[in-house]
Amino acid sequence: MFSQELALYEVDGTSSSSNRFAPSTEKNSSSFVKHLDGLSNKKLTRYLKKEGIPKKLIAKDNDYFDKMWYAESAHIFDVVLEKTEAEHTSSLLSKAGDSHYYTGNLEKAYEWYHELYQQYQEEMHEDTYLKYTQTLKGTGKYRKAATLTKILRQKRDEPLNELNKIDPRTWEGVYTVKIKNLGINSRYSDFSPMFHNGSDIVYASAKDTLFLTSRRYRRTNQPFLDLYVAKSKNKEGDLSSPRKFSKKINTKYHEASMAFSLDQKTIYFTRNNYGKRLKRGKNGINHLKIYRSQYTNGEWGKAEELPFNSEDYSTGHPTISPDGTKMYFVSDRPGGFGETDIYVVDIAEKGGFSEPKNLGRTINTEYKEMFPYVAENALYYSSNRPMGFGGLDVYKSDGANGEFGIGINLGKPINSNKDDFSYIIDATGEQGYFASNRKGGKGDDDIYSFKYTLNLNAIVGSVENESTGGAVNKASISLYNNEGKLINEAVSDTAGNYLFKNLGSTTNYTVVAKKKGFVKDSLPVETKENENISVTQYLKKLVEEKPIVDLFEPSDVYFNFDSFKITPRSAQELDKLVTVLKENESLALKIESHTDAIGPEAYNKYLSDKRAKSTRDYLVSQGIDPSRIISAIGYGEERLLNNCSNGTRCAADQHRLNRRSEFILVSE
């Protein structure tokens with residue numbers, strides 16, 4: 001992407017990736033991880049069974065973790081915990097969770113933190129509690145996050161009344177977002193919009209208004225970047241009358257990514273390091289610097305560079321806090337966590353600056369963090385970290401007093417499978433601008449406006465007893481998206497009612513209602529455009545010879561495609577069930593097994609029956625009396641957990657959710 005050079009370096013206009021600073025993402029350790037990845041399942045299993053190998057892997061993993069090589073340590077922790085007989089100690093689970101947390105994989109971090117919480121709750125450190133809470137929020141488990149926050153506050157003897165102010169929903173969920181490609185975009189790169197003087201937008205562009213253009217950026221054959229200013233045209237965010245910002249600031253090289261002081265009389269912007277010609281550091285690279293210019297007597301003065309620039313690394317992408325006291329910027333300076341990190345400095349009254357401070361692991365990763373923008377109690381920035389939609393994605397980190405939590409991906413349509421960046425939002429929190437090179441634009445990078453409107457999409461539900469028609473209170477209600485991911489939970493009230501708000505419009509969901517003593521009900525629901533959808537679920541009372549005492553749902557008791565063999569991970573979960581049965585001799589068991597919808601229904605019925613029988617056989621092999629297993633029944637594809645039915649295209653992990661065994665414990 002043309003604009004990404006503002007966080008890289010140039011040698012005569014050629015992007016260079018040869019100089020990466022500590023901790024480098026290209027480590028010798030990667031060869032060992034690649035070696036593990038290259039082993040077939042059979043060879044890996046044989047390797048892991050060798051005497052002393054798990055212990056050696058843990059030692060190597062601890063070394064990676066101590067060096068903050070979190071991507072490598074996360075990978076090996078998974079291998080140790082999932083594929084070996086190593087004890088799941090508090091230290092091992094904590095470091096595994098931390099490794100995924102610091103690399104932005106919140107789903108996997110939640111898995112290990114959750115196991116840590118279940119087994120070693122009293123031993124958990126306070127910072128681990130906090131990270132666990134963040135992963136709960138980041139994966140949509142807001143109710144559980146609120147509970148954990150309450151426990152932590154009680155341990156600290158802090159007041160609990162502030163918890164009532166917490167909205168347990170994602171920031172973007174309350175809104176519908178409308179975006180628009182702006183008319184000022186050219187066939188070249190246009191990006192980095194910034195508010196100026198109320199109604200103006202200053203931005204960077206590679207377009208050139210001269211009839212004859214002689215100077216070209218050799219990497220893209222585009223003109224060099226200059227700063228432009230355009231007028232706000234209407235309430236929809238359209239811009240008009242673009243013109244060059246200032247002859248004193250624009251030069252023959254690049255100027256871009258700017259910010260303004262609170263009084264709008266000082267501009268901070270990014271420019272190539274040059275005097276009469278381009279200057280290079282010790283490594284021969286022309287780096288980027290932040291410059292400052294003052295507005296006096298009706299014009300912008302000569303630019304001066306800021307004191308924390310360097311000849312040997314790049315500094316750019318400045319943004320100013322709403323109160324004007326802090327500057328946030330991007331740099332690849334030594335001592336960072338990744339390719340480019342976000343830093344902050346205090347701005348003194350007379351224009352001086354404090355020493356730059358790295359924003360830390362909650363913001364910065366091994367990858368690129370770029371284009372920061374600070375609004376009231378929030379930091380927006382772009383990153384190409386894993387688990388995004390593709391390329392650079394825009395993230396939001398909530399915070400206070402200059403401290404920010406982990407970034408939450410703003411989702412679609414702000415983000416796409418291309419690069420999405422330089423996001424800014426006005427003081428109302430309702431509209432703003434960002435840049436993207438997504439499909440359908442006019443040029444290399446285009447500027448888009450966006451506007452948030454209140455989201456009125458909701459599912460209003462009720463749960464009734466199928467036999468009596470009476471309300472079923474305290475039923476557990478789970479809401480799944482069309483990928484089978486749990487996104488919210490509720491409990492029916494005394495009238496049997498529940499509510500899920502802030503949902504996507506014209507979106508398919510699945511609502512699952514269950515309560516002890518009733519048959520679980522699953523209902524597909526499609527929302528409309530800003531309307532409440534009313535649904536009623538009818539739970540059938542279970543009529544059993546023996547009363548049900550509990551529903552046991554081990555996590556990840558799944559099967560591989562077209563297979564009924566018990567995997568090592570499933571065996572670990574089944575061992576927990578064995579423990580429950582051995583400790584409670586009065587309990588018996590029912591096994592229900594299922595398949596995905598791939599293949600003929602008759603074959604899937606046969607396959608699910610084989611899965612039920614193999615599950616039963618495993619439990620018997622572990623010492624469970626066969627007489628205690630009341631039934632082992634396969635239901636084929638009759639009870640899918642999501643919308644991945646025949647003819648519906650779904651990802652592999654969505655189909656995997658349906659290849660499962662479920663268990664019902666009953667008293668004898």
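Remember, predicted model here, so these are calculated numbers, not experimental data.
Checked by atom type and distance alone, the side chain of S563 never pairs as donor or acceptor with a backbone atom of F559 at under 3.5 Å. T365 contributes no side-chain N or O that, together with a main-chain N or O of R385, makes up a donor-acceptor pair within less than 3.5 Å. A donor-acceptor contact shorter than 3.5 Å is absent between the side chain of S462 and the backbone of G496. Although no hydrogens or angles enter the test, the distance criterion places a donor-acceptor pair under 3.5 Å between the side chain of S492 and the main chain of V472. A donor-acceptor distance shorter than 3.5 angstrom exists from the side chain of S593 to the backbone of A612, with no hydrogens or angles considered. D61 places no side-chain N or O within donor-acceptor distance of the main-chain N or O of L57, the cut-off being under 3.5 Å. Side-chain N or O atoms of Y117 include none that pairs as donor or acceptor with a backbone N or O of M124 at under 3.5 Å. A donor-acceptor pair is defined here as one N or O able to donate and one able to accept, closer than 3.5 Å; no such pair exists between the side chain of N465 and the backbone of G469. Side-chain atoms of K605 come within 3.5 Å of backbone atoms of G634 as a donor-acceptor pair (strictly under, hydrogens ignored). When atom types are taken as modelled, the side chain of S631 and the backbone of I633 share no donor-acceptor pair closer than 3.5 angstrom.
Proximity of C644 to D596: side-chain heavy atoms (C-beta onward) are nowhere separated by under 4.5 Å. Side chains of R659 and F561 form a contact here, defined as non-hydrogen atoms less than 4.5 Å apart. Contact check for L641 versus T510: no side-chain heavy atoms found under the 4.5 Å cut-off. At a threshold of 4.5 Å between non-hydrogen side-chain atoms, the residues L589 and L577 count as touching. Using a 4.5 Å heavy-atom threshold, the side chains of V525 and L523 count as touching. L581 has its side chain within reach of L665: a pair of non-hydrogen atoms, C-beta onward, lies under 4.5 Å apart. Using a 4.5 Å heavy-atom threshold, the side chains of I363 and S397 count as touching. At least one side-chain heavy atom of I487 sits under 4.5 Å from a side-chain heavy atom of Y509.
Remark: D398 engages K396 in a salt bridge, criterion side-chain N to carboxylate O under 4.0 Å. Ion pairing between E82 and R569 holds under the 4.0 Å rule for side-chain N and carboxylate O. Taking 4.0 Å as the cut-off between side-chain N and carboxylate O, E592 and R616 do not count as a salt-bridged pair. Under 4.0 Å is where a charged nitrogen must lie from a carboxylate oxygen, and between D609 and K613 at least one such pair does. By the 4.0 Å N-to-carboxylate-O rule, E72 lies too far from K60 to be salt-bridged with it.
Looking at Q537 and Y498, their side chains do bring a donor and an acceptor atom within 3.5 Å of each other. Checked by atom type, the side-chain pair Y480/N488 shows no donor-acceptor distance below 3.5 Å. In this model, no donor atom of one side chain and acceptor atom of the other lie less than 3.5 Å apart for Q654 and N642. S94 and S91 are not linked by any side-chain donor-acceptor pair at a separation below 3.5 angstrom, with hydrogens and angles left out of the test. If you check the side chains of S608 and T595, you find no donor sitting under 3.5 Å from an acceptor. Checked by atom type, the side-chain pair Y113/D98 shows a donor-acceptor distance below 3.5 Å. No hydrogens or angles considered: nothing links the side chains of S505 and T527 as a donor-acceptor pair under 3.5 Å. H88 and E115 share a side-chain donor-acceptor pair at under 3.5 Å. Side-chain polar atoms of N409 and N415 form a donor-acceptor pair below 3.5 angstrom. Using modelled atom types, one finds a donor on one side chain and an acceptor on the other under 3.5 Å when comparing N62 with K95. Side-chain contact annotation: H100 with D78, donor-acceptor N/O pair under 3.5 Å present.
Taking the side chain to side chain donor-acceptor pair (under 3.5 Å) definition, one finds that N508 meets it with nothing, sequence neighbours left out.
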Give the C-alpha distance, both sets of side-chain angles, the deciding distance and a yes or no for side chain to side chain donor-acceptor pair (under 3.5 Å) between Y635 and N604. CA-CA 8 Å; Y635 290 89; N604 285 337; over 6 Å; no
side-chain contact (heavy atoms from CB on, under 4.5 Å) between L48 and V80: does it pass, once the steps are laid out? CA-CA 9 Å; L48 295 176; V80 171; over 6 Å; no
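Just one residue in the list R639, K520, K590 forms a salt bridge (charged side-chain N to carboxylate O under 4.0 Å, His left out) with E662, and that residue is K520.
F404 CZ: more than 12 foreign heavy atoms inside a 6.0 Å radius. Remark: E601 CD is loosely packed, at most 12 non-hydrogen atoms of other residues, nucleotides or ligands lying under 6.0 Å away. Within 6.0 Å of atom CD in Q118, more than 12 heavy atoms from other residues, nucleotides or ligands are found, so the atom counts as buried in its surroundings.
Residue E123 holds its CD atom at 11.5 Å from OG1 of T128, rounded to the nearest 0.5 Å.
The side-chain tip of R611 does not point at the ring of Y606 from less than 6.0 angstrom away and within 45° of straight on.
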